[in-house]
Amino acid sequence: MVYDIKPSISDTSASKPLVISKGEIIIDNVSFYYRPERAALDQISLTVPAGKMVALVGPSGGGKTTIMNLLLRFYDPDRGSIVIDQQDIRSTTLSSLRSQVSLVSQDIMLFDDSVRNNILYGRLDATEEEVIQAAYSAAAHDFISSLAEGYDTVVGERGFTLSGGQRQRVAIARAMLKNAPILLLDEATSALDSISEQQIQKALTTLMKNRTTLVIAHRLSTIRNADLIYVVRQGMVIEAGNHHELLEKKGFYHKLYHQQFGGGVIHDNDFFDLEDLNQNT
């Protein structure tokens, strides 16, 4: 029985609630293995300053989503540490950690329930007015109001009665309602058409205000204004800087940017070798 499986990550008698004062995240020399023969993350270090937007970019399979999985403690690092406001997250309670973090991903989890209850999942004690305000902020209120039963409309399993953009906006409204100080965005607009992406990008911009935000994005147009961009490849940070600094380096990000806007699908082997990259940077 699934219910009988004991989770590998759980609280201990020494676990304490996570207390957020600023929201700074420090990932220090972290290594992680899904399989013993190959590191998904190899001694990776990066900082997400409090209240800033930091982006992770790079080829698929490079370790970006693994970083977010470790931040939420779906897994723990094999080596190194992840610290939020000087607290190692392995020493904090899971409930306090996850209550301080909102996640909006490309794979939206909606329940076979009403739109209202799917938004309320962000904070179960919220008022009706707070739910509606969250929907407004997520650019979702208008489409919700046009549904047959408005906020009482049942969306079906995984929200199949809604379009991809509508599901994303419900998820953003949920994150708005949760109002957590740390925000993780994992390819939140990757499956959308350009019109839907523009609408949702505006909602995400509202959501990111005054929050520590870590973003994974393949569409580099969505992270040009990030305070800091880390280029992650093969489990390592190979470049760091803002958009303009990285373009001036004429390294991996420069090639990724120009190849993306020149068209075509991005594959890891489309780029020069990591050894060549290190020599050039």
Side-chain angles (χ1 to χ4, degrees), residues 16-26 48-55 67-69 71-74 82-87 89 92-111 113-145 150-151 155 159 162 165-189 199-217 222-223 225-227:
K16 297 180 180 179
L18 175 66
V19 178
I20 299 289
S21 56
K22 296 180 179 178
E24 180 187 57
I25 302 169
I26 298 176
V48 186
K52 301 297 184 180
M53 174 187 173
V54 172
I67 291 171
M68 289 201 176
N69 287 338
L71 272 169
L72 288 163
R73 288 199 71 203
F74 296 147
I82 300 176
V83 174
I84 299 177
D85 284 346
Q86 301 181 350
Q87 300 156 90
I89 62 174
T92 67
T93 61
L94 288 171
S95 61
S96 66
L97 169 64
R98 293 171 184 170
S99 69
Q100 305 271 24
V101 179
S102 289
L103 171 66
V104 181
S105 71
Q106 58 182 327
D107 185 19
I108 297 300
M109 177 57 71
L110 298 184
F111 304 100
D113 204 337
S114 68
V115 174
R116 175 185 292 101
N117 286 342
N118 270 285
I119 296 174
L120 272 170
Y121 187 70
R123 182 159 55 85
L124 296 176
D125 62 351
T127 65
E128 179 73 4
E129 290 74 17
E130 288 173 324
V131 170
I132 293 173
Q133 182 56 54
Y136 267 115
S137 298
H141 177 75
D142 288 347
F143 94 76
I144 294 171
S145 299
Y151 283 82
V155 301
L162 304 179
Q166 289 170 338
R167 288 195 295 271
Q168 289 283 15
R169 278 175 274 182
V170 170
I172 294 169
R174 179 191 291 170
M176 294 276 191
L177 191 65
K178 187 174 183 180
N179 198 30
I182 295 173
L183 176 63
L184 306 181
L185 303 176
D186 186 357
E187 297 286 1
T189 65
Q199 293 173 329
I200 289 176
Q201 200 61 47
K202 290 180 180 178
L204 290 174
T205 299
T206 301
L207 180 58
M208 288 187 288
K209 287 181 180 177
N210 302 317
R211 298 179 205 280
T212 302
T213 304
L214 184 62
V215 182
I216 292 175
T222 64
I223 51 90
N225 295 324
D227 296 290

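Residue Ile182 holds its CD1 atom at 4.0 Å from CD1 of Ile20, rounded to the nearest 0.5 Å. Distance check: Met109 CE to Asn118 CG gives 10.5 Å after rounding to the nearest 0.5 Å. Expressed to the nearest 0.5 Å, how far CD1 of Ile172 lies from CZ of Arg174 amounts to 11.5 Å. To the nearest 0.5 Å, atom OG1 of residue Thr213 and atom CG of residue Leu207 are 7.0 Å apart. Within the model, atoms CG of Leu185 and CG of Leu214 stand 8.5 Å from one another, a figure rounded to the nearest 0.5 Å. Glu187 contributes atom CD, which lies 8.0 Å from atom OG1 of Thr222 (distance to the nearest 0.5 angstrom).
Looking at Ile84 and Gln100, their side chains never come closer than 4.5 Å, going by heavy atoms from C-beta outward. Residues Met53 and Ile223 are in side-chain contact: their nearest non-hydrogen atoms beyond the backbone lie under 4.5 Å apart. Between Val104 and Gln168 there is a side-chain heavy-atom pair separated by less than 4.5 Å. Between Arg116 and Glu128 the shortest side-chain heavy-atom distance falls below 4.5 Å. Arg98 has its side chain within reach of Arg73: a pair of non-hydrogen atoms, C-beta onward, lies under 4.5 Å apart. Between Thr92 and Lys16, the closest side-chain pair of non-hydrogen atoms is not below 4.5 Å. Looking at heavy atoms from C-beta onward, Leu110 lies in side-chain contact with Leu162 at the 4.5 angstrom threshold. Side-chain contact between Ile144 and Ile119 is present, with at least one heavy-atom pair separated by less than 4.5 Å.
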- Mind running side chain to side chain contact (heavy atoms under 4.5 Å, CB included) on Gln166 and Val155 for me, showing each step along the way? CA-CA 10 Å; Gln166 289 170 338; Val155 301; over 6 Å; no

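Scanning for ring-ring contact (aromatic ring centres under 6.0 Å, His included) contacts around Phe74 gives an empty result, with sequence neighbours left out. Remark: Asn179 pairs with Arg211 by the side chain to side chain donor-acceptor pair (under 3.5 Å) rule, at least two apart or across chains. Remark: Phe143 pairs with no residue by the ring-ring contact (aromatic ring centres under 6.0 Å, His included) rule, at least two apart or across chains.
Taking both residues in full, the closest heavy atoms of Ile108 and Ala171 are given as CD1-CB, 3.4 Å, listed atom of the first, atom of the second, then distance. Contact between Asp85 and Lys22 at its shortest, heavy atoms only, is OD2-N, 2.8 Å. Listed here is the closest heavy atom pair of Pro17 and Thr93: CA-OG1, 3.9 Å. In this structure, Leu71 and Ile89 approach most closely via the heavy-atom pair O-CD1, 3.7 Å. Closest non-hydrogen pair, Ala180 versus Ser99, comes out as CB-O, 3.9 Å. Nearest approach of Ala173 to Ala138, heavy atoms of both residues: N-CB, 3.5 Å.
Put simply, the residue from Val101, Leu183, Leu184, Ile25 that forms a side-chain contact (heavy atoms from CB on, under 4.5 Å) with Thr212 is Ile25.
Between His141 and Tyr136, the angle of the ring planes stays under 30°, which puts this pair in the parallel group of the 30/60° scheme.
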